[in-house]
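Written below as structure tokens is the structure these notes are about.
The shown structure was predicted, so the numbers you read here are calculated from the model rather than taken from an experiment.
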Amino acid sequence: MAKEAARNIGPVVLLGPPGAGKGTQSKKIVERYGIPQISTGDLLREHVRAGTDLGRQAKVVMDRGELVPDDLLYDLVADRLRQPDCRYGFILDGFPRTAAQAGWLDAFLDREVFEKKQEKCPPVVIRLDVDYNQLLQRLAGRRSCPTCERIYNIHLQPPRTDGLCDVDGTKLVIRDDDREEVVARRLSAYETQTRPVADYYHAQGRLVTINADRPVDEVTAAIFGVIDTHAAEHSDCEPSR
Ligand code: ADP
Ligand code: AMP
């Protein structure tokens with residue numbers, strides 16, 4: 001759980017293909033700025049584990065490496081963004097993933113977050129760029145903790161004790177959709193359905209691209225630089241609720 005944010009950061013959108021480091025970097029942003037990470041992948045996996053209707057519908061699609069239909073995501077994201085811990089900002093990790101989702105998000109922010117403010121506090125949109133072969137290597141070695149969702153890599157970021165989460169000692173798991181044949185489909189879904197999201201933000205002059213093919217700490221420093229600059233430029237934005 002994030003500590004209470006000291007200042008208003010506003011929405012942070014992390015874009016990038018599977019394996020780019022969105023989850024890893026989100027945890028760093030949570031620690032520094034005290035705003036929560038909202039990962040639609042994590043939210044969907046919670047529903048899958050809980051066996052809800054949504055979880056059952058999503059699982060079939062996720063196991064194929066395809067995107068869950070847009071309309072299954074909107075209530076999930078809206079309910080989460082309405083929680084009080086999102087008041088000073090939030091990190092969207094894995095959302096929006098289609099141009100329609102990006103349009104929905106803008107409308108939601110206009111309607112529910114900005115309407116009470118004189119000054120709009122627009123999202124800062126950061127795209128993490130990583131070479132295709134490096135993505136394959138990262139996804140092949142990814143392990144995650146099913147309890148706290150912390151992310152490891154057996155080659156690049158191993159846990160202190162082989163196979164166990166550093167935080168809570170839970171046995172680490174390989175995500176079903178990190179299997180080789182599913183990974184290829186997920187990367188292809190990114191190219192066809194998610195790249196237009198970057199184009200959407202680029203056309204509005206809101207996209208900042210970071211070379212994420214570097215050690216974790218270097219990428220983190222670059223992201224903090226972008227967020228600090230953005231927050232300073234919009235220091236007059238008031239908390240949303
Ligand atoms: P995403 O959320 O974008 O799918 P993750 O944060 O889960 O990506 O990272 C994918 C894998 O790559 C994980 O195993 C993670 O430990 C590893 N990883 C993330 N960032 C880096 C980095 N900068 N250098 C090396 N490995 C990384
Ligand atoms: P992630 O944990 O972000 O890699 O997401 C895992 C899977 O969840 C994806 O491959 C999709 O099937 C599904 N998913 C997560 N976020 C979205 C989204 N915004 N739109 C559609 N499907 C999503």
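Taking 4.0 Å as the cut-off between side-chain N and carboxylate O, R80 and D85 count as a salt-bridged pair. With respect to the salt-bridge test (charged N to carboxylate O, under 4.0 angstrom), the residues R195 and D199 do not qualify. Look at D166 and R150 and you find no salt bridge, because none of the NZ, NE, NH1 or NH2 atoms lies under 4.0 Å from a carboxylate O. In this structure, R179 does not pair ionically with D177, as no charged nitrogen and carboxylate oxygen lie closer than 4.0 Å. Note on E66 versus R185: no salt bridge recorded, every NZ/NE/NH1/NH2 to OD/OE distance being 4.0 Å or above.
Of the inter-residue distances, the one linking Q25 atom CD with T220 atom OG1 reads 3.5 Å to the nearest 0.5 angstrom. Rounded to the nearest 0.5 angstrom, Y132 OH and L187 CG are separated by 4.5 Å. With rounding to the nearest 0.5 Å, the separation of CE in M62 from CD in Q57 is 13.0 Å. Note that CD1 of I227 is 7.0 Å distant from CD1 of I91, once rounded to the nearest 0.5 Å. Note: L54 CG to H47 NE2 = 5.0 Å, rounded to the nearest 0.5 Å. Of the inter-residue distances, the one linking D70 atom CG with Q193 atom CD reads 8.5 Å to the nearest 0.5 angstrom.
Counting only N and O atoms by type, the side chains of E149 and S39 include no donor and acceptor under 3.5 Å apart. Counting only N and O atoms by type, the side chains of Y200 and D106 include a donor and acceptor under 3.5 Å apart. No hydrogens or angles considered: nothing links the side chains of R97 and T194 as a donor-acceptor pair under 3.5 Å.
Stacking of R32 on the aromatic ring of F224 is recorded, both the 6.0 Å distance cut-off and the 45° axial limit being met.
Listed here is the closest heavy atom pair of K22 and L128: N-CD1, 3.9 Å. Of all the heavy atoms in L135 and P18, the pair that sits closest is CD2-O, 3.4 Å. The shortest non-hydrogen separation linking P69 to V61 is CD-CG2, 4.5 Å. Closest of all the heavy-atom pairs between V48 and G55 is CG2-O, 3.5 Å. Summarising the geometry of D93 relative to Q37, their closest heavy-atom pair is OD2-NE2, 2.9 Å, with the distance given to 0.1 Å. Nearest approach of V13 to P123, heavy atoms of both residues: CG2-CB, 4.1 Å.
Contact annotation: the side chain of L73 approaches that of F95 to within less than 4.5 Å [non-hydrogen atoms, C-beta and beyond]. In this structure, the side chains of Q137 and D131 stay at 4.5 Å or more apart for every pair of heavy atoms. Contact of the P122 side chain with the H230 side chain is registered, since non-hydrogen atoms from C-beta on lie closer than 4.5 Å.
Enclosure of atom CG in D168 by more than 12 non-hydrogen atoms of other residues, nucleotides or ligands within 6.0 angstrom is indicated. Surrounding NE2 of H202 are at most 12 heavy atoms belonging to other residues, nucleotides or ligands under 6.0 Å away. Sparse packing is recorded around CD of E180, with 12 or fewer heavy atoms of other residues, nucleotides or ligands lying under 6.0 Å away.
Applying the ring pair (Phe, Tyr, Trp, His ring centres under 6.0 Å) definition to pairs two or more places apart or across chains, those involving residues 50-80 are Y74-W104.
Cluster membership check: V130 does not share its hydrophobic cluster with I210, using side-chain heavy-atom separations under 4.5 Å among Ile, Leu, Val, Met, Phe, Trp and Tyr.
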